[in-house]
Each structure stands twice: as structure tokens, then as C-alpha cells.
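Encoded as C-alpha cells, the structure appears first; notes follow it.
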Amino acid sequence: QVHLVESGGGSVQPGGSLKLSCLVSGYVASTYCVAWFRQAPGEERDGVAAIYSGGGYTYTADSVKGRFAVSQDSAKNTHYLEMNRLRVEDAGMYYCAFTPKHCGAGTYWWSREKYDTWGQGTQVTVSS
């Protein structure tokens, strides 16, 4: 059974940076998609970025392009979301999500229905 654990959230001022981590366990194959979603109170859970482990294909939402980057350390089964130049509107609970399929297969990578397993989330606060 796949299990995801996020970490790295915290509180920063606008313009600051954070790096989130998502540890994937319980999956033996080397190719899968991990996506990051964020959810502000009272709002939908929206896709932020995704990465396919087989080849490192990455996907990024327009709202964070140029500021956020996804990466992976295959040896550690860990995926990262590096967030720079954070804005107040970037605040929320950040979740990583897993599917054994390619991020670009079938439904859009930002479709919540695409993902089988979710982490518990890590909180990001951006305020002055």
C-alpha cells in the first residue's frame, strides 16, 4: 500500500521561500506521478505542479510558473516542491498525491480524480 508523508511547511513573509518534501513508500516500481496540490480555507484543492519519475517530466500551474519547481531524489523516494518568491495567495494546506500512471496520461495532471493516494498535508502560511 502506497503511503505519502509531506513535510517542510511553515510560516514565511511574502517574498520568502520554502521547500516541501513528499516521501513515497510502499510502491516497488520506479515510474509514477507525484503531484502537489494546495487548498486554502473554503476553496477547491488545486493542482500546483507534478513530476513523472520516469524521465522527470514536470508540469507546473501558470500561477506558480517561474517561482515553484518540482524535483525528485529517486534514491530517497522523495519528491520536492521548491517555492520561491512566495505570495500571500500561495498560502494553504499543501498535499502531495500519487498515481502509478504517467502524469500526462488520461485526465489532466491537475485533476484530483487522477490520484489514488494522498498525503496528510503540510501547512504553508505567507504573511507579513
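Computed from a predicted model, the values in this text were never measured in an experiment.
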*What is the minimum heavy-atom distance between Ser30 and Ser53, and which atoms define it?*
O-OG, 2.7 Å

*Answer yes if Val34 and Tyr80 sit in the same cluster of Ile, Leu, Val, Met, Phe, Trp and Tyr residues linked by side chain heavy atoms under 4.5 Å apart, and no otherwise.*
no

*Considering all heavy atoms of both residues, which atom of Leu81 and which atom of Val48 are nearest to each other, and what is their separation?*
CD2-CG1, 4.4 Å

_What I'd like to find out is whether the side chain of Cys22 reaches to under 4.5 Å of the side chain of Phe98, using heavy atoms alone._
no

*Which value, rounded to the nearest 0.5 Å, describes the distance between Asn77 atom CG and Leu4 atom CG?*
11.0 Å

*Check whether any side-chain N or O of Lys19 sits under 3.5 Å from a backbone N or O of Gly8 as a donor-acceptor pair, and report yes or no.*
no

*So if you build clusters from Ile, Leu, Val, Met, Phe, Trp, Tyr with side-chain heavy-atom gaps below 4.5 Å, do Val12 and Met83 land together?*
yes

_How long is the straight-line distance from CD of Glu44 back to CD of Gln39, given to the nearest 0.5 Å?_
7.5 Å

*Between CG of Leu86 and CZ of Arg67, what distance do you get to the nearest 0.5 Å?*
6.5 Å

*If you measure from CH2 on Trp110 to OH on Tyr59, what distance do you get to the nearest 0.5 Å?*
11.0 Å

*Just by distance, do the side chain of Lys76 and the backbone of Leu23 share a donor-acceptor pair under 3.5 Å?*
no

*Expected output: side-chain Glu6 to main-chain Gly121 donor-acceptor under 3.5 Å*: yes

*Measure the OG1-CE distance between Thr125 and Met93 for me, rounded to the nearest 0.5 Å.*
9.0 Å

*Spell out, as yes or no, whether a donor-acceptor pair under 3.5 Å connects the side chain of Thr122 to the backbone of Gly9.*
yes

*asked:* Applying a strict under-4.5 Å side-chain criterion to I, L, V, M, F, W and Y, I'd like to know whether Leu20 and Val70 cluster together.
replied: yes

*Within the side chain of Ser111, is there an N or O that forms a donor-acceptor pair under 3.5 Å with the backbone of Glu113?*
no

*Hey, what do you get for OG (Ser63) to CD (Glu89), rounding to the nearest 0.5 Å?*
9.0 Å

*Would you name the heavy atoms of Pro100 and Tyr27 that are closest together and state the gap between them?*
CB-OH, 3.1 Å

_Check for me, please, whether Phe68 and Leu18 land in the same ILVMFWY cluster - side-chain distances under 4.5 Å, paths through other members count._
yes

*Are the side chains of Pro14 and Val126 in touch, meaning some heavy atoms are under 4.5 Å apart?*
yes

*asked:* Has Arg45 got a side-chain atom pairing as donor or acceptor with Arg112's backbone, closer than 3.5 angstrom?
replied: no

*Counterpart residues, ring pair (Phe, Tyr, Trp, His ring centres under 6.0 Å), relative to His102 (two or more places apart)*: Tyr52, Tyr57

*According to a 4.5 Å side-chain heavy-atom criterion applied to Ile, Leu, Val, Met, Phe, Trp and Tyr, with indirect links allowed, do Tyr94 and Val64 form part of one hydrophobic cluster?*
yes

_Tell me every residue that passes ring pair (Phe, Tyr, Trp, His ring centres under 6.0 Å) with Phe37, counting only those two or more places apart in sequence or in another chain._
Tyr115, Trp118

_Restricting to non-hydrogen atoms, name the atom on Ala50 and the atom on Trp109 that form the minimum distance, rounded to 0.1 Å._
CB-CE3, 3.7 Å

*SB check Asp90 Arg87 (cutoff 4.0 Å)*: no

*Would the His79 and Tyr32 ring centres measure less than 6.0 Å apart?*
yes

